[in-house]
Amino acid sequence: MRTRHTAQESPQIVGRKLAHRGCEIWKRVRSVKSAAIELLTQYPEIPLIQAYRYVCGLSQTQAAKRYNETTGHQTSLGGTTINAWETWARERGGAGSPPSFASLVILATAYGGGPLGVSGERVHPMDLVAETYERLAPEDQFCLERHASPGPPHDVPTPDRYAERAGDQADRTVNDLAGPHFALNVPTMAYGNPDRLLYTLPNPRPGLLLNQSWSAFGYGIETLIRQIKNVGRRVDVDACFGINEAGLVMAVFLASAQFGRCPIGYLKCTKMRDSITLDPASLYPDLPEAPSIVLCDFEVKHADVVGFVSREIRHRYPGAELYFAVFGAMTKEQDLAVAGFDDLTGAGIMRAAAFKAVFIAATMSPPGIEPPLELR
């Protein structure tokens, strides 16, 4: 059960409580990796690299000590360095500093020991930075991907082989990626069909982003189109808006295939620390009064991006009627075939945005999914 932290509690007290909770989970599941994912699901505000430390029951100073023990005391790392890495993973505003590839290898080995330091579980260094991987230096990204599945020394990586070695699922078929289909009751317009037939996206490598191929991406778009066609009422819209590049691609497909090549808008979101702004490069087409608009987003997790965007759109287009189409929605628990809409982490966000109807292609687990070509 999630522990409630009061505003008066110091970071040290909160850290001790989370470390205690992480150890409790580890005792139950007996896996550092599984426990870290479960802890992250309960406390999405902490980064993965910090969740692994909590599962081991370590303070930052203790984590540094184990790091040094792992190297045979050939290093003299301090707790401030652990703090800098975790601060970097937690914030995007330039605070802290990223760990190097070598440091991630050592840290993953150290955390693989679990709370007792003797488990010997293989934690991949990529597991520690799955959600912040793209912010690492290109050299460290390359090393992490090579480390994931190294080939023979003479095997020079072409772009296709490079993606394969990185553990990328880009070459997998749709059937490999799409899990069981299930029906979910979601918010919809009056007298509309609230049931959506969607599918799960099981992740065979917990802790790493689940990459989507173009065929899998297209399957998700087709799923959204089927949902729109079966909502029970004709859905006519004046424009499709894409949130960031992946959402823009979705908007292009939906506008062309379902909405008679309606105008397309582009919302480029810039996230700094805890705030979101819209980049001047965003595109707003001329629309009639009180337009009907479909907002397209690739993922819904914990951040209230759709709420922010909805407010901005309604301010720019007074009286706008908004629909929302999303490729992947994150679940609160490990079971992806959720029983109800409120079992999604972004349920409250989507309800508060007061969409006329919501369309969801698939459900996913942390840390999320990656669109083709790493579209953002």
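- Taking the side-chain contact (heavy atoms from CB on, under 4.5 Å) definition, one finds that Glu139 meets it with Ala137, sequence neighbours left out.
- With a 4.5 Å cut-off on side-chain heavy atoms, Val129 and Leu48 do not count as touching.
- Under the 6.0 Å cut-off for aromatic ring centres, Tyr219 and Tyr199 qualify, their centroids lying closer than that.
- The salt bridge (Lys or Arg N to Asp or Glu O under 4.0 Å) search around Lys301 returns Glu299, not counting sequence neighbours.
- For the salt bridge (Lys or Arg N to Asp or Glu O under 4.0 Å) test, residues two or more places apart in sequence or in another chain that qualify with Glu24 are Arg21.
- Taking Ile, Leu, Val, Met, Phe, Trp and Tyr as members and joining any whose side-chain heavy atoms lie under 4.5 Å apart, directly or through other members, Tyr191 forms no hydrophobic cluster with any other residue.
- Between the CD1 atom of Ile228 and the CD atom of Gln258 there is a distance of 5.5 Å, given to the nearest 0.5 Å.
- Enclosure of atom NE2 in His20 is not indicated, since only 12 or fewer non-hydrogen atoms of other residues, nucleotides or ligands lie within 6.0 angstrom.
- Residue pairs meeting the salt bridge (Lys or Arg N to Asp or Glu O under 4.0 Å) criterion with at least one member in residues 317-329, sequence neighbours excluded, are Glu321-Lys356.
- Between Phe327 and Phe217, the ring planes lie parallel to each other; the angle is under 30°, not in the 30° to 60° tilted range.
- Thr61 pairs by the side-chain contact (heavy atoms from CB on, under 4.5 Å) definition with Ser59, not counting sequence neighbours.
- Residue pairs meeting the salt bridge (Lys or Arg N to Asp or Glu O under 4.0 Å) criterion with at least one member in residues 218-235, sequence neighbours excluded, are Arg234-Asp236.
- Here salt bridge (Lys or Arg N to Asp or Glu O under 4.0 Å) pairs that include residues 325-348, with residues two or more places apart or in two chains, are Asp342-Arg351.
- Looking only at side-chain heavy atoms (C-beta outward), Phe359 and Val231 come within less than 4.5 Å of each other.
- The shortest non-hydrogen separation linking Ala130 to Leu208 is CB-CA, 3.8 Å.
- Grouping Ile, Leu, Val, Met, Phe, Trp and Tyr residues whose side-chain heavy atoms lie under 4.5 Å apart, directly or via other members, places Val252 in a hydrophobic cluster with Leu248, Ile264, Tyr266, Leu283.
- A 6.0 Å sphere centred on CZ of Arg311 holds more than 12 heavy atoms belonging to other residues, nucleotides or ligands.
- When side chains are defined from C-beta on, Ile360 counts as touching Val358, because their heavy atoms get closer than 4.5 Å.
- Shown here are the salt bridge (Lys or Arg N to Asp or Glu O under 4.0 Å) partners of Asp127, two or more places apart in sequence or in another chain: Lys33.
- Applying the side-chain contact (heavy atoms from CB on, under 4.5 Å) test to Ile349 and every residue at least two apart in sequence or in another chain returns Asp304, Val306.
- Residues that satisfy the side-chain contact (heavy atoms from CB on, under 4.5 Å) test with Gln60, not counting sequence neighbours, are Arg53, Ile82, Asn83, Glu86.
- Annotation for Val294 and Ala325: closest pair CG1-CB, 4.2 Å, computed over non-hydrogen atoms.
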